[in-house]
2 protein chains.
Amino acid sequence: MSHVHDLYPSRLDQHKSPFERLDPVVYTEGRERREGPLSEDQLRQYDEQGFLFFESFFSEREMQGFLDDLKEYDKDPSLKEQDQVIIEPYADEIRSIFAIHKLSERFDRLTRDPRLLDMAHQILGSDVYIHQSRINDKPGFTGTGFNWHSDFETWHTEDGMPRMRCFSLSILLSENNQFNGPLMLIPGSHRWFVPTAGKTPQENWKQSLKAQEIGVPDTKVLEEMTANGELVAPQGPAGSVILFECNTLHASANNLSPWPRRNLFFVYNSIENQMEAPYCGNRPRPEFVATREDVEPLRSLE
Amino acid sequence: MSHVHDLYPSRLDQHKSPFERLDPVVYTEGRERREGPLSEDQLRQYDEQGFLFFESFFSEREMQGFLDDLKEYDKDPSLKEQDQVIIEPYADEIRSIFAIHKLSERFDRLTRDPRLLDMAHQILGSDVYIHQSRINDKPGFTGTGFNWHSDFETWHTEDGMPRMRCFSLSILLSENNQFNGPLMLIPGSHRWFVPTAGKTPQENWKQSLKAQEIGVPDTKVLEEMTANGELVAPQGPAGSVILFECNTLHASANNLSPWPRRNLFFVYNSIENQMEAPYCGNRPRPEFVATREDVEPLRSLE
């Protein structure tokens, strides 16, 4: 199946300039928008900057159960052999665990925590489901970074996500500080779609989830994107939350500090924005990277 | 020539635990110590922490001439072909220029600036000369970092520096901020010598100046060194100065920001601490990395 008209063409043979996004950032209006939980100020900031930061959204104590679960996984040597577990390129340590909400009841319940789900409904203006969940581990001393990219650019080309109606919610499971490779974002970059150059190889994910090379904007574009602006790197204790739009450019440096950086990501997608065939023409990525089947709308925990 | 007794053995076949340094940190006493330019508080901090930071020691305007000189070098394509210019491992960009004070009259004069030289005399308690000078460039987006290491560990094993009576003075030629891979230091680490494992290959410098692998303490030791402490990453505008003891463990992450990080290093060594045969038994490194010949005591500019 091919797409007659691709609104967000990328992975191209030649350079194409960034262009303004065609989609809203916040999908609700009127009462639905005003009802919260996010205030008008927060929604405006999200609309303009492409992210929100909530220091200590959860308490460190609330996070402990999740960390205990992960400690159990760390003890299980068979975990590393599973496809959904990505190993660091230069060390035998876990870089990412995908579909963590399928592995763990506790994480699954957290996706339906009303404090999170209500934000998803308010921003996306529809029922939602989890497009992807993962733990990104960045071990002390050896953890490598993530190159600049827009998640949407990958999800569109490699997974067939049609529009920008989706966001990531990152819950810090460890302190993120200036030394352990915190998430860096380019404020306002979500307002532009940045086509990248280079054809997507089949099964690109096997390589890209270790170190992304395809789908990285060229440095000239990144310079333009940051010319009038600043970078931000939200930092705080475990339990803090970074909510960022699916098209916000982000990256993170390697971790030379002794402190592991462990972040959880839930990607909330609108039920009206389900995957089509990948726009790059390749086979779809596995279900644990990009949900195609389990698209039941999430219902809040009572 | 071999050394009958090596006080700081490293690059060993087997693990050896860190041990306390055998040398003073500050070499002056009495009136010589009290005469400045560093205050007793600053000397005590240097003695305890292994570094000092002077925000805006020079004005940004004073730095401009140096930056202009470097711009001229950047225009010269033959520069990259010289041995003393190190190229980034993953990009055709300059990583380091060694012996910059031999290339440029302006940098040479700066080594003899009394504001710097008087500190060297006060700390090292003798005449001094430049063991090494270099520019470390960390280009935006592509600049790679530096692994944890003690400079003294390298200078001792690969250059034959007998004792710890030496420090680096790093002058920031560009802003150093949390995003562009600033120098990180482990306060207090200079008080311990950390032997490393692994024999030094001949001409190791050709590889190590691009990406250091030999001479990096193992992660267990680094964890111990940081267990009760903190990391520090001094940050400030161009013209700021970081002075750090030759045995202070330091590192820096890669630079994913758009902002180049450009730092100048002068290594002041005591005239009484001149190079012997390298303790690793290899041939000495080139003069542009480790001064053996030009050891005339520096005299202050009038």
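For CG of Asp13(A), the number of neighbouring non-hydrogen atoms (other residues, nucleotides, ligands) closer than 6.0 Å is 12 at most. Applying the 6.0 Å contact sphere to CG of Asp68(B) captures more than 12 heavy atoms from other residues, nucleotides or ligands.
Contact annotation for Gln235(A): only side-chain heavy atoms (C-beta onward) come within less than 4.5 Å of a heavy atom of chain B.
By the side chain to side chain donor-acceptor pair (under 3.5 Å) test, Tyr8(A) is found to be paired with Asp23(A), residues two or more places apart in sequence or in another chain being considered. Not a single side chain to side chain donor-acceptor pair (under 3.5 Å) links Ser17(A) to another residue, sequence neighbours left out.
Interface residues of residues 171-203 of chain B toward chain A, defined by a heavy-atom distance below 4.5 Å and sorted by number: Gln178(B), Phe179(B), Met184(B). Of all residues in residues 236-259 of chain B, those placing a non-hydrogen atom less than 4.5 angstrom from a non-hydrogen atom of chain A are Ala251(B), Ser252(B), Ala253(B), Asn254(B), Leu256(B), Ser257(B), Pro258(B), Trp259(B).
Among Asp218(B), Thr219(B), Asn147(B), Val216(B), the one residue that satisfies the side chain to side chain contact (heavy atoms under 4.5 Å, CB included) test with Phe141(A) is Thr219(B).
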